[in-house]
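One is the number of the first residue; the rest follow in order along the sequence.
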Amino acid sequence: MYDHDFDRRIERLARRQCGAFSHAQALQAGGSDPMLRVRLQTSQLVRLDAGVYALASYPGSFHRQCWASVLGNPGAGVAGLAAAHLLGFPGFAPGRPEIVVAPGGNARSTLATVRRYESPAMTTMDHLRITTPAQTLFDIAPRVVIDRLERTIDDLLLTRRLTVDDLDERLAFYDGARRAGLRVMRPLIAERRVEGFTPPASELERRADRIIRRLRGKPVVVAEATFPWLDRGRGRVDRYLPAEGVLLEFDGRRWHARVADFDRDRWRDAQAMAAGLVPMRFTYSHVTTRPAEVLETIERTRRARTGRTGRALSSRVA
């Protein structure tokens with residue numbers, strides 16, 4: 001039951017697939033069920049799942065598990081958090097593999113979590129089917145906190161692994177759908193469009209003030225506060241809580257403008273901290289999609305600042 005030509009063919013194939021191959025591929029390479037049984041018995045091969053094998057000489061890895069999951073379900077692709085890791089999204093560690101298949105199929109896997117939805121946007125990475133970066137972001141949107149999601153989108157845009165057009169295509173595809181995560185993705189994408197989305201100052205301030213009015217103790221709030229050290233006395237901050245020395249900035253600028261002004265904003269923050277104040281910045285997406293968390297973050301900062309030098313700084317408001 002040895003065919004060295006088959007062994008060479010299957011080894012070449014498997015090494016392109018992180019050591020894994022399917023039963024159908026083995027037959028196409030000239031193998032047979034008795035040949036596979038012999039190689040399993042002699043520990044040349046290992047069985048990973050129903051109809052999926054691997055070279056025993058090839059090291060096990062997360063990539064191999066993903067390959068095996070896809071090979072065991074023809075037409076499937078890596079998706080979700082597993083795709084985020086393979087695509088190099090910053091900070092996404094390997095976990096349990098995830099695959100996406102069409103609804104209504106008979107997909108099964110002991111290796112991976114199976115997701116089912118229609119028409120995912122797919123690409124290939126080293127021959128492995130995987131959801132596109134844009135599709136992956138929509139898939140993980142309901143499963144990660146918005147700060148992490150926003151940082152990931154910005155990293156992909158800045159490194160040109162993603163375009164706003166890619167995001168817009170998926171958003172249009174899901175128009176009218178009741179899909180988890182759309183509520184978060186819409187404002188994030190809107191802020192990053194080339195033509196931009198700049199919410200009217202009055203709208204952003206109205207939403208921000210609605211949050212601020214819920215602060216415990218009804219603290220004094222100074223609107224459009226300025227300080228001698230802030231842009232040589234000409235700059236303003238949106239809202240100032242003098243009792244705790246907290247500056248609140250609600251940023252309605254287009255994403256492109258925020259990136260361009262990154263250095264200036266960090267300099268302003270550094271000047272505020274040098275004066276003993278705490279600057280806090282929130283985007284339109286934060287204010288609109290997670291107001292309760294914005295409120296709680298401000299409250300935690302107030303509690304941490306109670307009794308500190310913030311009170312002494314209130315007299316410096318112009």
* Asked: Hey, does the Lys NZ or Arg CZ of Arg9 hover above the aromatic six-ring of Phe6, less than 6.0 Å from the centre and inside 45° of the axis?
  ->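 Because its charged atom misses either the 6.0 Å distance or the 45° angle limit, Arg9 does not stack over Phe6.
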* With sequence neighbours excluded, what pairs up with Arg143 under the salt bridge (charged side-chain N to carboxylate O under 4.0 Å, His left out) test? ->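 Salt bridge (charged side-chain N to carboxylate O under 4.0 Å, His left out) check on Arg143 returns Glu98.
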* Taking only residues two or more places apart in sequence, or in another chain, which ones meet Asp155 in a salt bridge (charged side-chain N to carboxylate O under 4.0 Å, His left out)? ->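 Arg161.
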Using the test side chain to side chain donor-acceptor pair (under 3.5 Å), find all partners of [X] that sit at least two apart in sequence or belong to another chain.
X: Asp139; answer: Tyr117, Gln135, Arg179
X: Glu169; answer: none
X: Glu249; answer: Arg268
X: Thr124; answer: none

For [X], check side-chain contact (heavy atoms from CB on, under 4.5 Å) against everything at least two apart and list the hits.
X: Ala112; answer: Ser69, Pro97, Ile99, Ser109
X: Ala208; answer: Phe250
X: Arg210; answer: Arg206, Arg213

* To do: Not counting sequence neighbours, which residues clear ring-ring contact (aromatic ring centres under 6.0 Å, His included) with His85? List them please.
  =>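 So His85 forms a ring-ring contact (aromatic ring centres under 6.0 Å, His included) with Phe62.
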* To do: Sequence neighbours left out, what passes ring-ring contact (aromatic ring centres under 6.0 Å, His included) with Tyr174? Give chain and number order.
  =>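 If we apply the ring-ring contact (aromatic ring centres under 6.0 Å, His included) test to Tyr174, skipping adjacent residues, the hits are Phe138.
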Side-chain donor/acceptor pairs under 3.5 Å, residues 293-302, sequence neighbours excluded:
unit_1: Glu293; atom_1: OE1; unit_2: Arg290; atom_2: NE; d: 3.3
unit_1: Glu293; atom_1: OE1; unit_2: Arg290; atom_2: NH2; d: 2.5
unit_1: Glu296; atom_1: OE2; unit_2: Arg303; atom_2: NH2; d: 3.1
unit_1: Thr297; atom_1: OG1; unit_2: Glu293; atom_2: O; d: 2.8
unit_1: Glu299; atom_1: OE1; unit_2: Arg302; atom_2: NH1; d: 3.0
unit_1: Glu299; atom_1: OE2; unit_2: Arg216; atom_2: N; d: 2.8
unit_1: Glu299; atom_1: OE2; unit_2: Arg216; atom_2: NH1; d: 3.4
unit_1: Thr301; atom_1: OG1; unit_2: Thr297; atom_2: O; d: 2.9
unit_1: Arg302; atom_1: NE; unit_2: Glu244; atom_2: OE2; d: 3.1
unit_1: Arg302; atom_1: NH1; unit_2: Arg216; atom_2: O; d: 2.9
unit_1: Arg302; atom_1: NH2; unit_2: Arg216; atom_2: O; d: 3.2
unit_1: Arg302; atom_1: NH2; unit_2: Glu244; atom_2: OE2; d: 3.2

Rounded to the nearest 0.5 Å, what separates atom [atom1] in [X] from atom [atom2] in [Y]?
X: Asp165; Y: Leu171; atom1: CG; atom2: CG; answer: 12.0 Å
X: Leu137; Y: Ile153; atom1: CG; atom2: CD1; answer: 5.5 Å
X: Leu87; Y: Thr132; atom1: CG; atom2: OG1; answer: 8.0 Å
X: Thr131; Y: Ile140; atom1: OG1; atom2: CD1; answer: 9.0 Å
X: Glu224; Y: Arg236; atom1: CD; atom2: CZ; answer: 6.5 Å
X: Leu128; Y: Leu86; atom1: CG; atom2: CG; answer: 6.5 Å

Check: [Y] main-chain N/O paired with [X] side-chain donor or acceptor under 3.5 Å:
X: Arg64; Y: Ala20; value: no
X: Arg39; Y: Met35; value: yes
X: Arg116; Y: Gly104; value: no
X: Asp166; Y: Thr163; value: yes

Please examine the side chains of [Y] and [X], heavy atoms only from C-beta on, and report whether any two atoms are closer than 4.5 Å.
X: Trp229; Y: Leu277; result: yes
X: Val278; Y: Leu247; result: no
X: Leu111; Y: Val52; result: no
X: His127; Y: Trp67; result: yes
X: Thr123; Y: Ile130; result: yes
X: His23; Y: Asp33; result: yes
X: Leu71; Y: Gln17; result: yes
X: Thr152; Y: Val144; result: no

* Do Glu191 and Ser285 have side-chain atoms, one donor and one acceptor, less than 3.5 Å apart? ->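 Yes - a donor-acceptor pair under 3.5 Å links their side chains.
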* **Electrostatic pair Asp154:Arg151 at N-O distance under 4.0 angstrom** =>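 So Asp154 does not pair with Arg151 through a salt bridge.
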